[in-house]
Trainee: 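Quick one: the structure is below, and I'll ask about it shortly.
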Amino acid sequence: MSVDLRRRYNEGTRREAAALFESGLGYRPAARKLGIPKDTVREWLFTYRAMGLKGLLSMGSRQARHTFEQKCDAARAVVDHGVAISDAMAAYGIASRTPLQNWCAAYREGGAEALRAKPKGRPRGSGGKPSTPRSREQELEDRVRKLEAENAYLRRYEQDMKKLEAPPACISAD
């Protein structure tokens, strides 16, 4: 089981950061004052500018689901119309810039269709039972192959054991 090594900050810390942003501090001075990594505070600043205090305080509570149309509109605004990422975040209610950046990259690469939701999990028919029933002859052929492999393994094991039991060639049996 993997352990999440990222640090989680409580609502009070984010509220302090928002107060520092309100007083005109940028992310670097705010990070120094709070004793938090500057990359974390930079993400908070993007969220604060886009979503306000409410969006910053609700970070980490649950991930929002965005529709295909919302993703297309936001990516199109940034890529085609040159809207700033923070402005697009505010306009479309996107709390983090990372998904928007991912959507923009996918939109540039494959157009709007690249933003469609992909089915989760293993595709149907990838393993498991074969789609057509096997004949008795095919089952017996598989069984013979398995038994032949097992016999070869046992023969090899027996040969290796005999080598271990035999005295080395350099010792005379006088």
Trainee: What pairs with R42 under side chain to side chain contact (heavy atoms under 4.5 Å, CB included), at least two apart in sequence or on another chain?
Mentor: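 Result, side chain to side chain contact (heavy atoms under 4.5 Å, CB included) vs R42: Y27, D39, F46, R97.
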Trainee: As an exercise, state the distance from CD of E22 to CG of L20, rounded to the nearest 0.5 Å.
Mentor: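 CG of L20 is found 10.5 Å from CD of E22.
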Trainee: Find out whether R32 and P29 are in side-chain contact, i.e. whether some heavy atom of one side chain is under 4.5 Å from a heavy atom of the other.
Mentor: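 They are in contact (side-chain heavy atoms under 4.5 Å apart), so the answer is yes.
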Trainee: Show every donor-acceptor pair shorter than 3.5 Å between a side-chain atom in residues 145-157 and any protein atom, with sequence neighbours excluded, or say none if there are none.
Mentor:
unit_1: R145; atom_1: NH1; unit_2: D142; atom_2: OD1; d: 2.7

Trainee: Report yes or no: does K118 contribute a side-chain atom to a donor-acceptor pair with the main-chain N or O of R116 at less than 3.5 Å?
Mentor: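 Judged by distance alone, yes, a pair lies under 3.5 Å.
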Trainee: Over 60° means perpendicular and under 30° means parallel, so classify the ring planes of H66 and W103, tilted if in between.
Mentor: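 W103 vs H66 ring planes: perpendicular.
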Trainee: When clusters are formed by joining ILVMFWY residues with side-chain heavy atoms under 4.5 Å apart, either directly or through shared neighbours, do L53 and M89 land in the same one?
Mentor: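 No, no single cluster joins them.
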Trainee: Between OH of Y107 and CG of L100, what distance do you get to the nearest 0.5 Å?
Mentor: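 Between atom OH of Y107 and atom CG of L100 there are 13.0 Å.
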Trainee: In Å, rounded to the nearest 0.5 Å, how long is the span from CG of L140 to CD of E137?
Mentor: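 With rounding to 0.5 Å, CG (L140) is 8.0 Å from CD (E137).
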Trainee: Identify the two heavy atoms, one from A112 and one from C72, that lie closest to each other, and give their separation to 0.1 Å.
Mentor: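 Reported closest heavy-atom pair: CB-SG, 3.7 Å.
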Trainee: Measure the CD1-NZ distance between I94 and K71 for me, rounded to the nearest 0.5 Å.
Mentor: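 Here the interatomic distance stands at 10.0 Å.
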Trainee: Can you get from V83 to L115 by hopping between Ile, Leu, Val, Met, Phe, Trp and Tyr side chains that sit under 4.5 Å apart?
Mentor: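 No, because V83 and L115 fall into different hydrophobic clusters, even though each may have its own neighbours under 4.5 Å.
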Trainee: Closest approach of A30 and F21, non-hydrogen atoms and distance?
Mentor: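 Result for this residue pair: CB-CE2, 4.0 Å.
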Trainee: What pair of heavy atoms forms the shortest contact from C104 to A75, and how long is it?
Mentor: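 It is SG-CA, 4.1 Å.
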Trainee: Please tell me whether V41 and Y48 are part of a single hydrophobic cluster in this structure, the criterion being side-chain heavy atoms less than 4.5 Å apart.
Mentor: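 They do share one cluster, since a chain of ILVMFWY contacts under 4.5 Å joins V41 to Y48.
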Trainee: Please report the interatomic distance CD(E69) to CZ(R76), rounded to the nearest 0.5 Å.
Mentor: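 The CZ atom of R76 is 10.0 Å from CD of E69, to the nearest 0.5 Å.
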Trainee: Please report the interatomic distance CD1(I85) to OG1(T98), rounded to the nearest 0.5 Å.
Mentor: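 Answer for the CD1-OG1 pair, I85 versus T98, is 9.5 Å.
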